[in-house]
Chemist: 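Structure below; questions to follow.
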Amino acid sequence: MRLAQAASLLLAAAACAEAVRTIIPATSFNSQADFDADWNYNYPWGTDHNGGARMDRGQVKFSNGMVTLTARKVTGQPDATHGGQKIKINYLSGAIAAKEHFNVSRGGGYDFTGEFKATTTKGTWPAFWLTAVDGWPPEIDMAEWKGSGKISFNTFNTSSVLSWKDVTYPSPDQFHSIKCEVRDVNQKDVSVKFYMDGSLVTTQVGGGFFGKPMYLIINLQMEGSSGSPGPSTDTLYQVRNLQVLSYNP
């Protein structure tokens, strides 16, 4: 009887282990070949978004498991357009987007983890986030820094229905671990748990996020919601040991 129970436990453990798949390995920033297997340059929709930086692949460097995005002050760039408004481009910066789309399945979900060194200087806007492939929302800001000395964790159900948590971001000149657990709740909504340096910061709910594919983006935007003017010297945003695990069946 005990042997049978032990065998059942081993089979259950094996099944759980098999259910966890590595979607993006911690080695994806080791080399160009590793990067190209999992990532594209720029936003999924192009080089511009909602701030004063235009993305350029020349501002993305990686080696030894770490990616560095650099925002550089420039002049003479044509304006960007977002939401029908013109935005002056004052920087060239970097963004990368995962090739994989992330879609929470029944009983499943994902872990997104990494170590981040992000500035909190006025006019700088680093982010690590998920956003809808088709339309909008969903959006989950797994970590966002908007020039205020704080880090933000946000879930957008609509532009006016959202959850957010802002906490003081200690020692921005050092790396901090970030983890976001996204899980199916009821085949309609997903739970989102945000961790920093190993401690749970907040738990939020993505209403209706189940089954909706999302992009994964790491970018260094500038000005916009983080204030202006931004810095005149180069701004760096670094990420290392980035990994994504899937628990989808």
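This chain uses plain numbering: 1 for the first residue, then up along the sequence. Predicted, not measured: the structure shown is a model, and the values here were computed from it. All heavy atoms count here, side chains included; hydrogens, waters and symmetry mates do not.
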Chemist: For Ser225, give me all partners under side-chain contact (heavy atoms from CB on, under 4.5 Å), at least two apart in sequence or on another chain.
Modeler: Trp125, Lys146
Chemist: Start with the C-alpha distance between Arg183 and Asp111, add both sets of side-chain angles, then the distance that settles salt bridge (charged side-chain N to carboxylate O under 4.0 Å, His left out), and finish with yes or no.
Modeler: CA-CA 9 Å; Arg183 295 290 189 275; Asp111 286 351; 2.8 Å; yes
Chemist: Kindly compute the distance separating CE (Met142) from OG1 (Thr155), expressed to the nearest 0.5 Å.
Modeler: 10.5 Å
Chemist: Quick one: do Asp79 and Lys88 make a salt bridge, cutoff under 4.0 Å?
Modeler: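 Salt bridge absent between Asp79 and Lys88.
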Chemist: For Ile140 versus Cys180, what's the shortest heavy-atom pair and its separation?
Modeler: CG2-SG, 4.3 Å
Chemist: For side chain to side chain contact (heavy atoms under 4.5 Å, CB included), just list the numbers for Ile24 and Trp39, CA-CA rounded to whole Å, side-chain angles, deciding distance to a tenth of an Å, and then say yes or no.
Modeler: CA-CA 9 Å; Ile24 298 179; Trp39 301 93; 3.9 Å; yes
Chemist: Enter the distance from Ile23:CD1 to Ser28:OG here, rounded to the nearest 0.5 Å.
Modeler: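 Separation between the atoms: 12.5 Å.
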Chemist: At their closest point, which heavy atom of Lys179 faces which heavy atom of Thr113, and how far apart are they?
Modeler: CG-CG2, 3.4 Å
Chemist: To the nearest 0.5 Å, how far apart are CG in Leu69 and CG in Asn219?
Modeler: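 That separation rounds to 8.0 Å.
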Chemist: Look up atom OH in Tyr110 and atom CG in Asp184, then write down how far apart they are to the nearest 0.5 Å.
Modeler: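 Rounded to the nearest 0.5 Å, the OH-CG separation comes out at 11.5 Å.
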Chemist: Is there a donor-acceptor contact under 3.5 Å linking the side chains of Asn50 and His82?
Modeler: no
Chemist: Show your reasoning for whether side chain to side chain contact (heavy atoms under 4.5 Å, CB included) applies to Leu130 and Phe112.
Modeler: CA-CA 10 Å; Leu130 298 163; Phe112 301 86; 3.8 Å; yes
Chemist: Please test Leu216 against Val244 for side chain to side chain contact (heavy atoms under 4.5 Å, CB included), starting from the C-alpha separation and ending with a verdict.
Modeler: CA-CA 10 Å; Leu216 169 61; Val244 181; 4.0 Å; yes
Chemist: For Asn30 and Thr27, does a side-chain donor sit closer than 3.5 Å to a side-chain acceptor?
Modeler: no
Chemist: Ignoring hydrogens and geometry beyond distance, is a side-chain donor-acceptor pair present between Asp166 and Ser152 at under 3.5 Å?
Modeler: yes
Chemist: For the residue pair Thr68 and Gln238, confirm or rule out a side-chain donor-acceptor distance under 3.5 Å.
Modeler: yes
Chemist: May I ask you to check whether Phe153 and Phe194 place their ring centers less than 6.0 Å from one another?
Modeler: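 For Phe153 and Phe194, the ring centres are under 6.0 Å apart.
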Chemist: Before you tell me yes or no, could you show the steps for Thr124 and Trp145 under side chain to side chain contact (heavy atoms under 4.5 Å, CB included), namely the whole-Å CA-CA distance, both residues' side-chain angles and the distance that decides it to 0.1 Å?
Modeler: CA-CA 8 Å; Thr124 65; Trp145 301 261; over 6 Å; no
Chemist: What's the spacing between Asp34 CG and Ser63 OG if we round to 0.5 Å?
Modeler: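 One finds 11.5 Å between CG of Asp34 and OG of Ser63.
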Chemist: Apart from Trp129 itself, which Ile, Leu, Val, Met, Phe, Trp or Tyr residues share its cluster (side-chain heavy atoms under 4.5 Å, direct or through members)?
Modeler: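 Joined to Trp129, directly or through intermediates: Tyr43, Trp45, Met55, Val133, Tyr215, Ile217.
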Chemist: Calculate, to the nearest 0.5 Å, the distance between atoms CD1 and CD belonging to Ile151 and Glu144 respectively.
Modeler: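 Between Ile151 CD1 and Glu144 CD, I get 9.5 Å after rounding to 0.5 Å.
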Chemist: Should side-chain heavy atoms under 4.5 Å link Ile, Leu, Val, Met, Phe, Trp and Tyr, which residues sit in the same cluster as Leu200?
Modeler: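 Joined to Leu200, directly or through intermediates: Tyr195.
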Chemist: Tell me whether Arg240 forms a cation-pi arrangement with Phe175, defined as NZ or CZ under 6.0 Å from the six-membered ring centre and within 45 degrees of its axis.
Modeler: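 Judged by the rule, Arg240 and Phe175 form a cation-pi pair.
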Chemist: Can a cation-pi geometry be assigned to Arg54 and Tyr91, taking NZ or CZ under 6.0 Å from the six-membered ring centre and within 45° of the ring axis?
Modeler: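 Ring-cation test returns no.
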